[in-house]
Amino acid sequence: QVRLVESGGGLVQAGGSLSLSCAASRTIFSRNVMAWYRQAPGKQRELVAAITSGGNANYADSVKGRFTISRDNVKTTVYLQMNSLKPEDTAVYYCNRLPYGEYWGQGTQVTVSS
């Protein structure tokens, strides 16, 4: 069964932190690069961060130094720790493999107020 369940979003002031989680089915998670994406209103979905099964991570320039992606291969869960949040980080955040598959979860809304 295909499953992607994101959680942890919310409303936070600029400079604050949030921690996102994504529980994925093993069919999506195993041996795949996992990633977080986001889509702001009126904009295309963009890649935020990705992590290999071995733990090597890469980040979009806009979040480098502020966000940290991690994964638990036993729990088939991927995380995104977001610090020093900015209003421009406001978006719906999704996880998926990289390259992404056709199935998407519901996402989790992150809103950063100025």
Side-chain angles (χ1 to χ4, degrees):
Q1 182 179 1
V2 176
R3 181 185 67 147
L4 289 166
V5 181
E6 300 93 346
S7 62
L11 173 64
V12 64
Q13 289 188 331
S17 298
L18 282 173
S19 181
L20 307 184
S21 298
C22 172
S25 56
R26 194 164 294 279
T27 54
I28 295 178
F29 194 92
S30 295
R31 294 195 295 267
N32 282 323
V33 177
M34 293 299 294
W36 283 96
Y37 303 79
R38 67 185 180 187
Q39 187 167 21
K43 295 187 177 180
Q44 288 190 333
R45 193 168 295 177
E46 63 174 347
L47 176 64
V48 174
I51 186 167
T52 68
S53 57
N56 292 315
N58 282 287
Y59 301 91
D61 287 343
S62 59
V63 306
K64 204 170 292 184
R66 299 187 298 121
F67 290 11
T68 301
I69 188 172
S70 60
R71 63 191 285 165
D72 186 323
N73 292 334
V74 174
K75 295 181 179 179
T76 64
T77 300
V78 60
Y79 305 96
L80 187 68
Q81 177 64 41
M82 306 186 295
N83 299 326
S84 302
L85 282 160
K86 304 176 180 180
E88 50 264 43
D89 295 318
T90 295
V92 179
Y93 284 70
Y94 302 87
C95 69
N96 208 320
R97 56 182 173 89
L98 177 69
Y100 56 79
E102 62 180 9
Y103 176 83
W104 291 88
Q106 83 289 347
T108 186
Q109 175 71 50
V110 171
T111 304
V112 185
S113 62
S114 57

Closest non-hydrogen atom pair, Val2 against Ser25: CA-OG, 3.5 Å
By the definition side-chain contact (heavy atoms from CB on, under 4.5 Å), identify the one residue from Leu47, Thr90, Val63 that meets it with Arg38. Val63
Go through it in stages, so that I can follow the logic: the residues are Thr68 and Tyr79, the test is side-chain contact (heavy atoms from CB on, under 4.5 Å), and I'd like the CA-CA distance, side-chain angles, deciding distance and then a yes or no. CA-CA 8 Å; Thr68 301; Tyr79 305 96; over 6 Å; no
Closest non-hydrogen contact found for Val78 with Trp36 is O-CZ2, 3.6 Å
Give, for atom CZ of Phe67 and atom CG of Leu18, the distance between the pair rounded to the nearest 0.5 Å. 9.0 Å
Does some side-chain heavy atom of Phe29 sit less than 4.5 Å from a side-chain heavy atom of Thr77? no
Please report whether the ring centroid of Trp104 lies less than 6.0 Å from that of Tyr37. yes
Is a side-chain donor or acceptor of Ser53 paired with a backbone partner of Arg31 at a separation under 3.5 angstrom? no
Separation between OG1 (Thr27) and OH (Tyr103), nearest 0.5 Å, reads 10.0 Å
Scanning both residues in full, the closest heavy-atom pair of Ser7 with Thr108 reads C-OG1, 4.0 Å
For residues Tyr59 and Ile51, determine if any side-chain heavy atom of one lies less than 4.5 Å from a side-chain heavy atom of the other. no
May I ask you to decide if Val74's main-chain N or O and Asp72's side chain share a donor-acceptor pair within less than 3.5 Å? yes
So with a 6.0 Å cut-off around NZ of Lys64, is the heavy-atom count from everything else above 12? yes
Working to the nearest 0.5 Å, report the span between CZ of Arg71 and SG of Cys22. 10.5 Å
Below 4.5 Å, heavy atoms only, C-beta onward: do Gln106 and Val92 meet side chain to side chain? no
Checking the side chain of Asn96 only, and the main-chain atoms of Gly101 only, is there a donor and an acceptor separated by less than 3.5 Å? yes
Over all heavy atoms of both residues, which pair between Arg3 and Val5 is shortest? Give the atoms and the distance, please. CG-CG2, 3.6 Å
Does any part of the side chain of Ser17, heavy atoms only, come nearer than 4.5 Å to the side chain of Val12, both counted from C-beta? no
Got a second to check how far Glu88's CD is from Ser114's OG, nearest 0.5 Å? 10.0 Å
Can you check whether Arg26's main-chain N or O pairs, donor with acceptor, with Thr76's side chain at less than 3.5 Å? no
Using 4.0 Å as the upper bound for N to carboxylate O, is an ion pair formed by Lys86 and Asp89? no
Please examine the side chains of Arg66 and Ser84, heavy atoms only from C-beta on, and report whether any two atoms are closer than 4.5 Å. yes
Test item: Gln109 side-chain N/O and Gly9 main-chain N/O as donor-acceptor pair under 3.5 Å: no
Identify whether Leu20 and Tyr94 are in the same connected component of the hydrophobic contact network (ILVMFWY, side-chain heavy atoms under 4.5 Å). no
What I'd like to find out is whether the side chain of Tyr93 reaches to under 4.5 Å of the side chain of Met82, using heavy atoms alone. yes
